[in-house]
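The structure appears below as structure tokens.
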Amino acid sequence: MKIFIIGSGGREHAIAWKLAQSKKVESLFIAPGNAGTQTCGMNISIDPMNFQEVRNAVLSVGADMVVVGPEAPLVAGLVDFFAGDEQLKNIPIIGPGKQAAMLEGSKDFAKNFMVKYGIPTAQFRTFDINNVGEARNYLQSMTPPYVLKADGLAAGKGVMILNTIDEALGELDAMLTGKFGEAGRKVVIEEFLRGIEVSVFVVTDGRNYRILPEAKDYKRAGEGDTGPNTGGMGAVSPVPFATEHFMYKVEKRIIKPTIEGLAKEGIKYKGFIFFGLMNAEGDPYVIEYNVRLGDPEAEVILPRIESDLADLLEGVAMENLKKRKIVFDKRFVSTVVMVSEGYPGKYEKNKEIFGLNLVSDCIVFHSGTRTENGKIFTNGGRVLAVTAYGSTLYEALQNSYRNAALISWDGMYYRTEIGFDLL
Ligand code: AMP
Ligand code: GLY
């Protein structure tokens with residue numbers, strides 16, 4: 001198979017790394033990719049949001065399958081674009097269509113879907129500029145902390161958690177008057193859930209599914225879970241508190257009703273579903289759906305799949321996932337994300353990265369990197385994810401940190417206590 005991967009982050013590097021190990025894969029293309037994906041296949045410099053460019057590239061390389069990494073092209077309808085094109089419609093594309101992608105693209109849609117299918121989630125109501133008064137009353141009826149969410153995609157920044165009612169009311173006004181642009185035109189106000197978060201992933205062909213390894217993501221920029229929310233500063237898998245008993249509840253109360261609900265809605269879903277869950281005293285609640293793999297979660301869960309990812313994706317494409325096996329690697333895997341100073345706020349790019357030749361017993365997945373004259377430079381906020389295995393979580397973390405310490409650039413930063421809460 002010739003597989004065409006869309007995206008340019010650590011997740012896409014991990015997908016490419018995993019697919020490159022498959023006997024079924026003849027060649028890999030990553031569009032646009034980064035300095036790391038170049039070592040797994042060929043980068044193709046296109047804009048994934050420009051569907052004509054995607055079309056031309058997919059056809060010109062003769063791809064047999066397309067795997068979509070990030071949410072934006074899915075929410076914008078790339079899969080529907082394929083379905084409507086004579087030459088693309090027979091090329092399998094892994095990712096949901098526009099309507100299903102609303103599970104991530106609209107919090108209001110996702111919440112209503114969960115209510116309809118009895119999937120446990122926080123109590124909520126949705127408001128817009130026409131019912132500000134009711135929104136204020138609803139907020140006042142709740143107890144702190146207050147959770148406000150922009151309905152649409154807001155680059156991971158659309159969720160605000162506020163401790164006082166004055167801050168919450170102020171934020172409500174800011175959101176409804178354009179703070180997040182179109183994404184914040186509707187605002188979901190919901191109950192605050194107490195517990196510990198875990199990310200659960202499945203891949204589905206629309207009827208059958210396979211559960212992938214779970215992960216815990218570290219979202220805050222600062223040590224000890226402080227500072228602003230980021231895309232993710234590190235991750236580990238497996239997650240000790242995601243016991244067999246807990247995962248049984250997740251499958252029964254959340255995964256099955258989600259897959260069945262999509263089918264009942266007449267939505268054909270082929271791709272990954274990412275369940276952002278809260279474990280509240282042993283019971284799982286959905287905080288959010290994403291319609292893709294997580295980043296940096298992909299950098300720990302894909303290394304924990306021993307079996308062939310290309311075979312699973314072929315099962316998705318051919319709608320016979322039921323016949324495909326998934327085997328997990330029993331080891332622990334951790335990843336530490338190395339970022340540009342200032343991320344998730346303002347940061348500088350184009351810093352030369354040193355020490356990549358010094359690492360051992362780890363996989364350095366690239367996010368925001370680029371090459372020039374054989375040198376590697378930073379090209380984003382999240383730059384590298386240093387992934388390592390261990391027979392214990394402690395050993396995996398030691399390996400990630402020993403190697404991260406060998407890599408440097410001007411203004412490099414990473415958290416030094418990823419996974420420590422689980423030791
Ligand atoms: P999201 O962008 O939806 O992933 O939300 C960002 C983060 O906000 C989540 O990972 C949680 O840590 C937190 N969060 C979102 N909704 C809730 C909630 N209802 N209760 C508690 N924390 C929440
Ligand atoms: N790491 C969280 C996400 O990918 O959304």
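Quick caveat: nothing in here was measured; it's all calculated off a predicted structure. When a ligand or atom number is given, it counts from 1 through the structure's own listing order.
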> To the nearest 0.5 Å, what is the distance between CG (Leu262) and CD1 (Ile273)?
Replying inline: 5.5 Å
> What is the distance from atom OH of Tyr401 to atom OG of Ser334, rounded to the nearest 0.5 Å?
Replying inline: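 Nearest 0.5 Å value for the OH-OG distance: 8.0 Å.
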Would you mind running through ligand 2 and noting each atom that sits below 4.0 Å from a heavy atom of [X]?
X      : value
Glu297 : 1 (N), 2 (C), 4 (O)
Phe274 : 3 (C), 4 (O), 5 (O)
Gly294 : 4 (O)
Asp217 : 1 (N), 2 (C)

> Can you check side chain to side chain contact (heavy atoms under 4.5 Å, CB included) on Met412 and Ile407, steps first, answer last?
Replying inline: CA-CA 9 Å; Met412 176 264 298; Ile407 302 170; over 6 Å; no
> Any Lys/Arg nitrogen of Asp410 or Lys351 sitting under 4.0 Å from an Asp/Glu carboxylate oxygen of the other?
Replying inline: yes
>> One thing to verify: whether Arg253 and Asp283 come together as a salt bridge, which I'm taking to mean a side-chain N less than 4.0 angstrom from a carboxylate O.
In response: yes
Which ligand 1 atoms are under 4.0 Å away from a heavy-atom of [X]?
X      : answer
Ile287 : 15 (C), 16 (N)
Lys107 : 3 (O)
Lys149 : 15 (C), 16 (N)
Leu193 : 18 (C), 19 (N), 20 (N), 21 (C)
Ile161 : 8 (O), 13 (C), 14 (N), 22 (N), 23 (C)

> Where is the nearest protein heavy atom to atom 5 (O) of ligand 2: which residue, which atom, and how far?
Replying inline: Arg292 NH2, 2.9 Å
>> Please confirm whether Gly232 approaches ligand 2 to less than 4.0 Å, judged on its heavy atoms.
In response: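 No; Gly232 lies far enough from ligand 2 that no heavy-atom distance drops under 4.0 Å.
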>> Is Pro296 close enough to touch ligand 2? Criterion: a residue heavy atom under 4.0 Å from a ligand atom.
In response: yes
>> Can you pull out every side-chain hydrogen bond (donor to acceptor under 3.5 Å, both in side chains) where at least one residue sits in residues 141-150? Sequence neighbours excluded, please.
In response: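 Qualifying pairs, neighbours excluded: Lys149-Glu190.
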>> Show every side-chain hydrogen bond (donor to acceptor under 3.5 Å, both in side chains) that has at least one partner inside residues 257-266, sequence neighbours left out.
In response: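 Qualifying pairs, neighbours excluded: Lys116-Glu265, Tyr117-Glu265, Thr258-Tyr289.
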>> Which residue is it: Arg331, Arg304, Lys216? I am looking for the one with a side chain to side chain donor-acceptor pair (under 3.5 Å) to Ser237.
In response: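 Single pass found, and it is Arg304.
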> Nearest heavy atom to atom 17 (C) of ligand 1: which of Arg194, Glu190, Glu197 does it belong to?
Replying inline: Glu190
> Going through the checks in order, is the side chain to side chain donor-acceptor pair (under 3.5 Å) test met by Asn208 and Arg324?
Replying inline: CA-CA 10 Å; Asn208 308 290; Arg324 315 284 171 147; over 6 Å; no
> Taking both backbone and side-chain atoms of Asp295, is any N or O found less than 3.5 Å from an N or O belonging to ligand 2?
Replying inline: yes
> Is the centre of the Phe354 ring less than 6.0 Å from the centre of the Trp409 ring?
Replying inline: no
> Between Glu191 and ligand 1, does any nitrogen or oxygen pair lie at a separation below 3.5 Å?
Replying inline: yes
